[in-house]
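Below is one structure, written out as structure tokens, with a few remarks after it.
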Amino acid sequence: MDQRAVSEGAPNRGSWRLKAPHDVLTQGLVVSGFGSLPTGRALFLQFAWDGVGTGAWLDTLATVAPVTDADGREARATALSFAYTGLRKMGLSPTALATFAAPFREGMLQEDRLRRIGDRRNGEWLGTVIEGGPKWSANTPRRGALAEVEAGQSAALTATGHREEQITTPITVHALLLLYDADENSAEKWAEEVEARLAPHQIKVAHKLPLDLRPDERGVAREHFGFADGISQPMPYDDAAIILSDGSAAPRDKWNGVPLGEILLGHINGHHERAPGPILPDDPGGKGKAAGLPPHPLAEGGLDLGLDGSYMVVRELKQDVVAFWQSMRENAAHIRARDPDHSAHVTTTWLAERVVGRNTHGDLLCPAGYLPRAPGDQPDNDFAFWDRDQHGAGCPAGSHIRRANPRDGLAPSVDQKQTLLDAANNHRILRRGRKYGATISVPPKEDGVDRGLLFICLNTDIARQFEFVQQTWLLNPNFATLFDETDPLIGPKGAMTVRDQPLRRRIEVDTFVRMVGGDYFFLPSMPALKYLATLGSAA
């Protein structure tokens, strides 16, 4: 999948890092996928106290799993993010909570949002969600619910005009703690120690996932369907805040360059504006200033709670590897049986590559076969579709990678290529996910093991970035020149068109990826974490 786990570095250029002081103010997860730490744990935390608690548990966490900043490589690494309900339970003021972006405040399970991102429609969970609905979320109250109770009002109206439904999951997650380590035994012991140290603070590990890269002998990390991971990532640029790892300047990358404000709050984004983040409107006792929160440049008297933080989208996605390869095998056999004179090349792997848009080594499909490798024997990621494969003769127009990042492929004319490439880059997301579950046998056989991807991405505008990609590109039935087709890898059951001689092939794909749980989180800066630790303490 093109929205997947992240391998260390980037194929065709030096990796980037943050300049001082942003490197020590930003969580390391933003800059690094921690590729040198191949295993770890995702601990989904539930704050079990009644009413409003305190941030004192963060001081305890700092003694056993200190959150890692972005100033260098560590022997272990930690990242911490909070859901809206988690910040509220910790006692962040209502005025500060109101300054967060609406998607974060409403949560992923808000009814209209579920419809837009393809999880639920007309009161029913869709086939791209596990049976019975997701098992975990932040369980954010529906919009205006608290105020409505106090005022004796009824539920808000959704965009479709009916009373909004409160959707809940069996497990409530208030914060997500990510632990990265060098080996499996160490990671498990570390996770157990963290859980034991947080238990006295009435913090429960409500759900836990192992995190793995498991690179092969060439250092290539693969997701469970068997395709190379982390090939395409945006390359942020900002003269004041970013340099390459060798210390040289980081110019705007022609193909994948995005302003830093697409990834970090408080920096200039693709609309030439400061990416808006949350504000601390007042600072009783000066705790915010003492923690290092700077004055907000646009809110007089307020402190910038969002600077050098980000919004984090998290979705646990279960992969059915057996169903994927069985579907490819059956479709290939069907094509060969119907058209024996022109289809000897249609194999199981040939079809699977066209569903993804790359071969299993990560090389882009093109009319001549595969895009030649870049220096260092890495997949070439510096390309556009218009000149190489405008009509999808090599890499199908509806393949996963063209939907996830169409580059200039949607340009209506040659003079619009750059405009459409720039527009596509304004919707990019930085992926920081990893797979979970044991590697399946080859060939794959049913073994009863849950495996999949903990999808994690960073963006500063959830609606314009993650939700746009999900709704307008991945799940749009009329994407590009197509009709009644959605993403063949992560979408619902349906058709896919593949251009081929003499004209085209049309195959039926099943549902291979199902959402197990998910929500939106806030990844605070290091100063913001210090401030959150003061919540509930004496002035």
Side-chain angles (χ1 to χ4, degrees), residues 1-8 29 33-35 37-44 79 81 108 117-119 127-130 134-137 173 176 178-180 187 207-216 220-233 312-325 352 355-358 360 362 399-401 403-405 429-440 444 447 449-459 466 469-470 474-475 487-492 509-521:
M1 288 179 286
D2 205 40
Q3 297 179 350
R4 305 171 299 216
V6 178
S7 300
E8 187 81 348
L29 181 67
F34 302 127
L37 301 171
T39 190
R41 294 291 182 272
L43 305 183
F44 299 78
S81 62
M108 188 180 288
I117 62 179
D119 291 335
T128 49
V129 179
I130 60 172
K135 67 181 184 181
W136 68 264
S137 73
V173 175
L176 176 59
L178 301 171
L179 306 176
Y180 301 88
H207 182 45
K208 181 168 73 171
L209 284 177
L211 301 179
D212 283 294
L213 286 178
R214 285 197 290 272
D216 63 17
V220 176
R222 300 176 184 276
E223 48 74 50
H224 284 297
F225 293 134
F227 287 82
D229 241 347
I231 303 300
S232 179
Q233 290 274 35
M312 194 164 89
V313 179
V314 181
R315 287 168 70 83
E316 182 182 339
L317 303 175
K318 181 178 180 180
Q319 295 175 254
D320 192 337
V321 181
V322 173
F324 174 77
W325 287 106
V355 166
V356 175
R358 298 182 186 269
T360 57
S399 65
H400 178 67
I401 72 155
R403 283 180 174 272
N405 179 17
I429 54 178
L430 183 67
R431 291 168 290 119
R432 289 292 183 250
R434 289 201 179 188
K435 62 186 175 184
Y436 66 88
T439 300
I440 200 167
D447 57 8
V449 174
D450 279 343
R451 55 178 55 87
L453 169 76
L454 184 63
F455 170 79
I456 298 173
C457 79
L458 301 176
N459 50 192
F466 167 73
V469 171
Q470 191 80 3
L474 293 175
L475 300 180
D487 189 289
L489 189 66
I490 68 170
V509 295
D510 211 328
T511 304
F512 309 121
V513 179
R514 288 180 169 84
M515 195 266 276
V516 178
D519 223 308
Y520 298 142
F521 293 79

Legend entry - Nearest-0.5 Å distance, CZ of residue Phe44 to NZ of residue Lys208: 12.0 Å

Legend entry - Shortest non-hydrogen contact between Lys135 and Ile130, atoms and distance: N-CD1, 4.4 Å

Inset, instruction - Enter the distance from Arg358:CZ to Ile231:CD1 here, rounded to the nearest 0.5 Å. - result: 5.5 Å

Legend entry - Leu453 side, atom CG; Lys318 side, atom NZ - distance, nearest 0.5 Å: 14.5 Å

Inset, instruction - Drop me the distance from Leu489's CG to Ile401's CD1, to the nearest 0.5 angstrom. - result: 11.5 Å

Legend entry - Student check: side-chain heavy atoms of Met515 and Thr128 closer than 4.5 Å: no

Inset, instruction - Report the relative orientation of the aromatic rings in His207 and Trp136; use parallel for angles under 30°, tilted for 30 to 60°, perpendicular for over 60°. - result: tilted

Legend entry - Minimum heavy-atom distance Ala42-Leu176, with the two atoms named: CB-CD1, 4.2 Å

Inset, instruction - For Gly362 and Ala228, work out which heavy atoms get closest and say how close. - result: N-CB, 3.8 Å

Inset, instruction - Take Val313 and Ile429 through the side chain to side chain contact (heavy atoms under 4.5 Å, CB included) test and state the conclusion after the steps. - result: CA-CA 10 Å; Val313 179; Ile429 54 178; over 6 Å; no

Inset, instruction - Could you grab the distance from atom CG of Leu474 to atom NE2 of His400, nearest 0.5 Å is fine? - result: 6.5 Å

Legend entry - Note, Arg214 side chain near Lys435 side chain (heavy atom, < 4.5 Å): yes

Inset, instruction - For Tyr180, check ring-ring contact (aromatic ring centres under 6.0 Å, His included) against everything at least two apart and list the hits. - result: Phe34

Inset, instruction - Decide yes or no for Phe225 and Val321: does some side-chain heavy atom of the first lie under 4.5 Å from some side-chain heavy atom of the second? - result: yes

Inset, instruction - Considering non-hydrogen atoms only, spot the tightest contact between Ala187 and Gly40 and give its length. - result: CB-CA, 4.1 Å

Legend entry - Straight-line distance of Asp212 CG to Arg434 CZ, nearest 0.5 Å: 8.0 Å

Inset, instruction - Apply side chain to side chain contact (heavy atoms under 4.5 Å, CB included) to the pair Val322 and Ile440, showing each step before the final yes or no. - result: CA-CA 9 Å; Val322 173; Ile440 200 167; 3.9 Å; yes

Inset, instruction - Using atom types as modelled and distance alone, determine if a side-chain donor or acceptor of Arg222 lies under 3.5 Å from a backbone N or O of Thr360. - result: yes

Inset, instruction - Would you name the heavy atoms of Ala352 and Phe227 that are closest together and state the gap between them? - result: O-CZ, 3.8 Å

Inset, instruction - Taking the side chain as every heavy atom from C-beta outward, state whether Tyr436 and Arg41 have any pair of such atoms under 4.5 Å apart. - result: no

Legend entry - Side chains of Leu475 and Pro492 in contact at under 4.5 Å (non-hydrogen atoms): yes

Legend entry - Within-4.5 Å side-chain heavy-atom neighbours: Asp119 and Arg315: yes

Legend entry - Side chains of Val173 and Asp519 in contact at under 4.5 Å (non-hydrogen atoms): no

Legend entry - Arg432 side-chain N/O to Leu29 backbone N/O, donor-acceptor pair under 3.5 Å: yes

Inset, instruction - State, with a plain yes or no, whether a side-chain heavy atom of Glu316 is found less than 4.5 Å away from one of Leu454. - result: yes

Inset, instruction - State, to 0.1 Å, how close Pro134 and Gly517 come at their nearest heavy-atom pair, and which atoms those are. - result: CB-CA, 3.9 Å

Legend entry - Partners passing side chain to side chain contact (heavy atoms under 4.5 Å, CB included) against Asp510 (at least two apart in sequence or in another chain): Lys493, Phe512

Inset, instruction - Would you please classify the geometry between the Phe466 ring and the Tyr520 ring as parallel, tilted or perpendicular, with 30° and 60° separating the classes? - result: perpendicular

